[in-house]
Amino acid sequence: MKRKLRDLPPALLMLVPSLGLLTVWVIYPLIKAIDYGHKKCDISSRNCRDVGWDRYFSVFQSTQFQDSLIVSLKFTLMTVPIGLVLGIGLAVLADKHLKGIGIFRTIFSSTVATSVAVASLVWFVLLQPSRGILADMLSDWFPVLKNPGLLNDSGTALPAVALSSIWASLGFTFIIIMAGLQSVPRDLYESAFVDGAGSFRRFTNVTLPMLTPSILFVSVVLTTRALQSYGEIDLLTQGGPQATKATTNIPYLIYGNNSVIHNDIGTKSAAAVLLFLLCLAFAALQFRGFGKRVHYGN
Amino acid sequence: MAYGAHVARVRLEHVSKQFGEGDEQVTAVDDISLDIEDHEFMILLGPSGCGKSTLLRMVAGLEDPTAGDVFIGDHRVNDQLPKLRDIAMVFQSYALYPHKTVRANIEFPLKVRGVPKAQRAAEALHAADVLGLTDYMKRKPGQLSGGQRQRVALARAIVRKPAVFLMDEPLSNLDAKLRGDTRTELVDLHRRLDSTFIYVTHDQVEAMTMGSRVAVMNAGRIEQVGTPQEVYDRPASAFVAQFIGTPPMNLLPVGVLGTDDVQVGIRPEHLVLSTGGPLSGTVSMVEHLGHEVLLHAESGAGRLVARVDPASVIPAVGQAVQFDAAPQHLHRFDATSGVRVS
Amino acid sequence: MRTTRTHRFAALAAVGLIAAACSGGDDITDSGDKPATSSTTPGDTLAPTTTVALDLLPDCPTDALETATGTVEIEFWHGMGSVLADELQKLADAYNDSQSKVHVTLSGESYEITIDNYLQASQDSRPDLVQMPEYMVQSMVDTESTVPVGKCIDSSGFDTSEFLPTALTAYSTQGVQWAMPFNVSNPVLYYSKKAFIAAGLDPNDPPESLEELRAYSQQLVDSGAAQYGIALDSGFDSGGGWYVEQWFAQAQEYYADGDNGRTNRATQVLYNNQTGVDLLTYVQTMINDGLAISVGDNASGTDDLLKIADESAPAAMAIHTSAALGGALELLKSGVFKQLGADDLGIGRMPGPDGNPGALIGGASLWPVNSGDPVKVAATWDFISYLVSAENQSEWAATTGYVPVRTDALTVEPYKTILDTDSRFSVAYDQLKASPDALTSAGPVVGPLRQIRAVLATAVAKIFGGDDVKTALDEAATQANNLIADYNTSNGG
Amino acid sequence: MATDAVRGARKVGRYSLLVFVAVVVLFPIYAVLLQALKSGPDAFDHPRSLLPVDLTLDTIRAAWTEGDLGHLLMNSLFVSSVVTVGVIVTSLLAAYAFAFLNFPLKGATFALFLATMLVPAEVTVVINQRTADSLGWMNSYQGLIVPSLASTFGVFLVRQVFLQIPKELREAASLDGVGHMRFLYEVAAPLSRPTLGALGLFTFLGTWNAYLWPSQVINDDEHRTIQIGLNSLKTPNDISKFNLLTGGLVVAALPIFIMLVVFQRQLVRGLTAGAVKG
């Protein structure tokens with residue numbers, strides 16, 4: 001007991017910077033946002049009145065939130081599994097002792113250097129229907145690239161944003177999975193080989209199980225990114241095409257320039273808190289689903 | 001307490017230590033009182049989990065006693081920070097700073113205390129010299145062998161010239177040969193230094209060969225304190241009797257060679273082959289160890305082990321034998337408490 | 001312990017998702033309390049004309065600058081990007097160099113970010129002057145944070161006789177001149193003269209009415225001169241929102257009640273009336289007949305213009321803000337597009353119902369902020385009056401493609417020469433000048449106009465895609481009326 | 001066992017696959033780079049040529065001056081560097097408390113730390129903008145830097161490393177009278193250097209790439225960072241600058257690509273540190 005208290009002053013001193021910053025910039029705004037969620041405010045968000053906590057339910061049930069929730073879920077389902085599979089594929093491909101493999105590894109991890117802004121604008125330059133490089137090169141085979149443009153078509157806009165996002169995350173996924181692969185003890189492969197397991201069986205019985213911590217980590221990070229993606233939407237489609245709002249995900253519903261709740265801090269906060277709960281639920285599901293199957297090296 | 005002022009008597013009075021709370025509470029040290037004289041080499045001996053390390057750590061100040069008092073010299077040090085207790089400690093894992101050189105490791109305690117650079121270098125060199133480390137001063141711990149690391153840890157301890165040395169199983173990570181050599185060195189070191197040593201081990205050989213006194217601990221209590229010879233010759237309890245000595249003392253079932261409330265113990269060297277002796281059995285195994293032979297026999301009183309002269313006639317396995325023992329070599333312990341009765 | 005909690009979370013989330021799937025969809029703007037006015041029918045609730053009590057508004061002590069000691073520092077947040085920002089900076093630098101009483105510092109972002117930053121900021125950290133696009137009028141009034149420019153005009157005796165009436169009216173409601181028009185633009189028709197010639201059309205006689213637009217398009221497509229007649233977009237700042245407002249102005253109809261919100265606070269939009277249905281049915285037919293092509297939301301802002309320069313499937317025309325003219329000509333001059341030079345670009349007035357002239361002004365205006373410091377307010381006014389001088393408006397219009405807010409700017413260099421040598425720069429001005437001086441031509445003033453445009457843009461995009469016109473417009477109108485009611489409840493309506 | 005011929009064929013197959021995938025992954029970067037290295041009429045040939053001919057730095061140079069990219073880069077560099085150092089310091093301190101000290105509610109406090117990791121920026125940005133505003137930090141380096149100075153991820157990462165430092169090391173030091181701060185900078189921090197390097201790189205990248213917060217807190221040219229500045233090269237009102245964007249992209253991405261090549265090992269360690277120890 002005494003010892004615990006003896007450590008308290010230094011502990012407080014050491015925690016104060018982080019704890020103070022987190023309190024001011026994360027915890028306080030979170031609480032404040034939860035509070036705003038049941039208020040309605042004027043254009044400057046200063047004079048507010050209470051509209052009741054059931055606002056959270058009505059926001060959740062509103063058409064716009066439901067639509068954007070579906071977009072968010074679709075986007076997550078497009079980016080996470082495909083990103084994972086591609087990342088694992090690249091890593092397995094590059095996990096061989098071949099001459100010059102280092103160059104390929106550098107190339108595969110290169111997109112980690114692109115920010116959301118850079119990656120999105122790269123794809124903007126590629127996909128712009130009249131001047132885009134890809135649009136120009138491939139429109140004979142894929143007319144949609146030109147008319148109305150991959151980012152302007154209700155059917156292809158979200159997959160196109162997802163493509164940009166998958167590409168941007170590929171380097172990250174590759175690096176993590178690659179590191180996971182390299183930490184698999186070689187004798188495991190050798191013993192599986194001796195046991196007569198073919199390369200596919202070695203992959204499913206040795207590689208994948210040993211990769212579970214890396215896969216869990218990547219999937220949590222990718223899911224969080226997918227659920228919180230804003231920059232790529234803002235730069236590529238601005239939530240459009242408007243007819244279907246095909247890329248208005250929850251963050252864009254909250255922050256998008258032409259969102260109907262753009263100037264309504266109360267509704268925005270309520271939607272943001274709901275997004276937070278969604279992220280929590282996803283993280284919990286992933287840890288639960290994966291948790292028991294994760295093999296930690298130590 | 002000032003650096004180098006040696007008042008090295010260590011006194012523990014009714015010291016207890018509990019870990020955990022509520023149902024999960026565990027008593028690691030249970031009301032121990034112990035007096036360690038100045039310049040004594042005190043061994044705390046016991047099986048793992050008996051509380052000996054906890055006791056040592058309370059002397060060091062790394063744990064606070066739940067009850068009781070710890071004195072170093074004339075001062076009650078319960079509330080004193082470790083650095084003020086004039087002690088040095090050698091850990092089982094040596095606890096060397098892996099990123100610092102040998103020299104920096106040895107100098108570090110002095111540096112912390114603000115000893116001037118030149119003096120600190122000289123003293124580190126002296127300590128290194130004492131332990132034969134002068135050739136390795138620029139290496140880092142990772143580049144040293146286990147024995148060398150252990151000596152660096154010792155050097156780091158002696159450089160401070162503490163009143164009390166605390167050692168927590170410092171030899172357990174060494175191989176058998178090195179352990180033997182280091183035992184001798186430690187005894188030598190103790191002789192040369194004007195310090196009290198408190199040494200924790202579970203190895204009775206270390207206890208017997210190095211200690212000026214041994215405190216045998218079991219389940220948080222001290223069973224016996226005495227010189228190694230006393231502890232061996234007159235074990236204060238059945239536990240001590242069995243813990244000290246290899247092979248351990250034969251403990252006969254209650255009633256055999258004694259009364260219903262007394263258990264009798266006989267050391268293997270005191271069990272002699274004697275036709276018509278009171279303990280009969282069948283030889284189950286014969287161990288030839290060169291200078292002696294260990295004879296294992298199954299008897300009505302359980303398994304017996306006798307140490308016999310290799311020059312004598314050794315019975316074969318399966319042969320029926322009888323043993324006897326001189327009355328002065330019988331140790332009697334209370335059947336329920338295990339305490340020595342005579 | 002941890003797993004139990006995790007389980008509970010997961011279960012909760014699952015329940016939530018299922019509940020979500022089953023629940024009905026209300027509008028998100030209904031999510032507070034139901035506004036009382038949402039059930040009334042459009043047009044019924046015209047309140048009597050109100051005027052704002054001028055005495056209650058902050059004063060503009062323009063002579064306070066005389067009392068200032070030393071240089072007065074003022075801060076100006078604007079929404080200009082790239083070359084426009086550079087040009088604005090040039091004007092400000094010249095101002096700073098020309099006198100020592102006032103020094104202005106510029107901060108530029110997009111309009112959207114400027115708006116957000118301004119609205120979120122406390123009054124203390126707001127700038128002394130802010131530039132706001134035309135759709136922000138009612139919102140800015142409701143922040144009660146500015147000094148009405150009208151008071152400055154009165155107090156300083158500033159002469160506004162040379163100003164375009166429509167430009168001034170755009171920024172006044174209920175008798176108060178709130179802001180000073182600065183960068184005025186309006187949509188014009190951009191077209192490829194080359195395509196017109198190839199189709200046998202007169203490259204100097206662009207279509208003016210919607211009927212002509214259709215006929216021209218037909219001929220362009222039939223002749224093979226272009227794949228499409230016109231490129232349309234459904235961006236909320238252009239084809240999806242703003243242009244519809246333009247067409248209502250050209251048809252001399254109100255877009256919102258309360259005389260476009262200028263006599264009274266608006267409570268309803270009116271665009272789902274017959275005029276709206278006719279207009280958008282026209283557009284839909286154009287697309288269905290292959291005469292027009294939708295370039296979508298125009299998220300990049302230039303998709304429609306680039307369609308004119310497209311090699312493989314060009315459109316011959318596009319409606320786009322006049323503000324882009326300078327940049328477009330510069331781009332074409334650089335020779336990036338081999339098949340289209342700067343001289344091949346034609347500019348015509350925005351084709352509208354019955355070929356009526358007239359356009360609503362777009363662009364933005366200058367709002368002096370009520371900092372509470374008379375000296376700063378006076379200094380801000382000094383800078384405003386500098387920016388809208390004939391000389392500077394001439395300079396500004398010449399480099400940007402914006403329309404001068406005053407007629408005498410046309411007679412001053414460098415704009416004068418440009419007009420003389422390139423008539424394309426005068427089109428936007430001419431159609432603005434020709435606008436009738438009526439409230440229908442002043443455009444709607446509605447609190448959440450930005451959101452209303454977004455809502456309409458969705459409807460327009462749906463109509464482009466083939467949805468029923470009336471249904472789409474009605475849906476949008478309902479949603480817009482909700483927004484207005486919701487806004488009015490929260491903002492002293 | 002496979003024959004040499006089969007093995008050779010496999011090798012060829014594997015290399016072709018590697019090359020093909022590498023081309024696909026690199027294509028966007030290559031295409032944009034190529035676009036940036038062309039100017040005027042060459043930039044928009046139809047059909048577009050992918051051969052590196054007639055290259056010029058004109059577009060990049062124009063983007064550099066037009067977008068004031070030098071200034072933007074310096075801002076990003078300054079902000080990212082300060083945040084990196086700050087995060088390392090705050091993470092070290094907090095991680096030390098969690099790893100080496102005992103105090104009431106330690107578990108709860110740590111859980112609170114971890115929980116903040118899950119709060120999306122979308123929830124906090126609006127309120128944080130207010131906070132920055134009331135502190136007078138709009139359009140300032142403080143506004144860009146201070147809110148990012150604490151990193152839950154950093155605390156978590158450093159704590160993991162600290163937990164692997166033998167307890168005896170701390171005990172030995174405390175017997176010598178080494179205080180917490182001294183142990184931190186003389187023993188614990190040096191021992192975690194690889195992780196700190198990784199954390200630093202990770203933080204630097206994250207700050208360099210930040211988009212949402214800088215766009216909300218900065219409203220002037222003086223403090224704008226490169227990510228936000230890029231958007232001004234894509235401004236809707238100015239059609240003439242279409243190709244400048246590619247030049248800007250190259251300038252914005254280049255420093256990070258160089259960093260990636262130079263610090264590849266640290267980067268990998270930084271990214272994997274979170275994964276391996278979950």
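Naming convention: chains lettered A, B, ... in sequence-line order (proteins, then strands); numbering from 1 in each chain.
Counting heavy atoms from C-beta on, the side chains of A:Ser110 and D:Ile29 come closer than 4.5 Å. Looking only at side-chain heavy atoms (C-beta outward), A:Met14 and D:Leu184 come within less than 4.5 Å of each other. Counting heavy atoms from C-beta outward, D:Val21 and A:Leu93 have side chains that approach closer than 4.5 Å. Between D:Thr131 and A:Tyr28 the shortest side-chain heavy-atom distance falls below 4.5 Å. Taking 4.5 Å as the limit, every side-chain heavy atom of D:Leu245 sits out of range of all side-chain heavy atoms of A:Gln128. Side-chain atoms of D:His180 and A:Leu13, non-hydrogen and from C-beta on, never get closer than 4.5 Å to each other. Looking at heavy atoms from C-beta onward, D:Leu118 lies out of side-chain contact with A:Cys279 at the 4.5 angstrom threshold. Side-chain atoms of D:Phe100 and A:Asp7, non-hydrogen and from C-beta on, never get closer than 4.5 Å to each other.
In this structure, chain A has a heavy atom under 4.5 Å from the side chain of D:Tyr211, while its backbone stays farther away. Neither the backbone nor the side chain of D:Ala95 has a heavy atom closer than 4.5 Å to any heavy atom of chain A. A:Thr111 touches chain D through its side chain: at least one heavy atom from C-beta onward sits under 4.5 Å away, while N, CA, C and O do not. In this structure, chain A has no heavy atom under 4.5 Å from any part of D:Val89. Only the side chain of D:Val155 has a heavy atom closer than 4.5 Å to any heavy atom of chain A. There is no contact between D:Leu34 and chain A, counting heavy-atom distances below 4.5 Å. Looking at A:Ile101, only its side chain comes within 4.5 Å of chain D, counting heavy atoms on both sides. Neither the backbone nor the side chain of A:Leu227 comes within less than 4.5 Å of any heavy atom in chain D. For D:Leu149, the parts lying under 4.5 angstrom from a heavy atom of chain A are both the backbone and the side chain. Interface remark: A:Leu90 contributes side-chain atoms only to the contact with chain D (heavy atom separation under 4.5 Å). At a 4.5 Å heavy-atom cutoff, D:Lys106 makes no contact with chain A through either its backbone or its side chain. When heavy atoms are compared at a cutoff of 4.5 Å, D:Leu254 does not approach chain A at all. For D:Val87, no part lies near chain A; criterion is any non-hydrogen pair under 4.5 Å.
The CG atom of A:Leu126 sits 11.0 Å away from the OG1 atom of D:Thr246 when rounded to the nearest 0.5 Å. Of the inter-residue distances, the one linking D:Thr124 atom OG1 with A:Ile31 atom CD1 reads 12.5 Å to the nearest 0.5 angstrom. Atom CH2 of A:Trp167 is separated from atom CZ of D:Phe27 by 11.0 Å, given to the nearest 0.5 angstrom. Residue D:Thr116 holds its OG1 atom at 11.0 Å from CG of A:Leu21, rounded to the nearest 0.5 Å. Separating the OH atom in D:Tyr96 from the CG atom in A:Leu15 is a distance of 12.5 Å, to the nearest 0.5 Å. To the nearest 0.5 angstrom, D:Asn209 atom CG is 7.5 Å from A:Thr114 atom OG1.
The minimum heavy-atom distance linking A:Pro29 with D:Ile127 is given by the pair CB-CB, 3.6 Å. Contact record, D:Val123 with A:Phe276: CG2-CB, 3.9 Å, taken as the closest heavy-atom pair. Between D:Val119 and A:Leu30, the closest heavy-atom pair is CG2-CD2, 4.1 Å. When all heavy atoms of A:Ala113 and D:Ile256 are compared, the pair lying nearest together is O-CG2, 3.2 Å. When all heavy atoms are compared, the tightest approach of A:Ser115 to D:Gln227 is OG-OE1, 2.6 Å.
Note: D:Thr90 leads D:Ile228, D:Thr152, D:Thr90, D:Val24 in heavy-atom pairs under 4.5 Å with chain A. The residue among A:Val24, A:Val122, A:Ile254, A:Leu134 with the most heavy atom pairs within less than 4.5 Å of chain D is A:Val122. Of the listed residues (D:Met259, D:Arg130, D:Met181), the greatest number of heavy-atom pairs within a distance under 4.5 Å of chain A belongs to D:Arg130. If you tally non-hydrogen atom pairs under 4.5 Å between each of A:Pro251, A:Ser18, A:Ala117 and chain D, the highest count goes to A:Ser18. Heavy-atom pairs under 4.5 Å with chain A peak, among D:Pro147, D:Ala150, D:Gly248, D:Gly179, at D:Pro147. Annotation: maximal heavy-atom pairing with chain A below 4.5 Å, among D:Val25, D:Asn128, D:Val32, occurs at D:Asn128.
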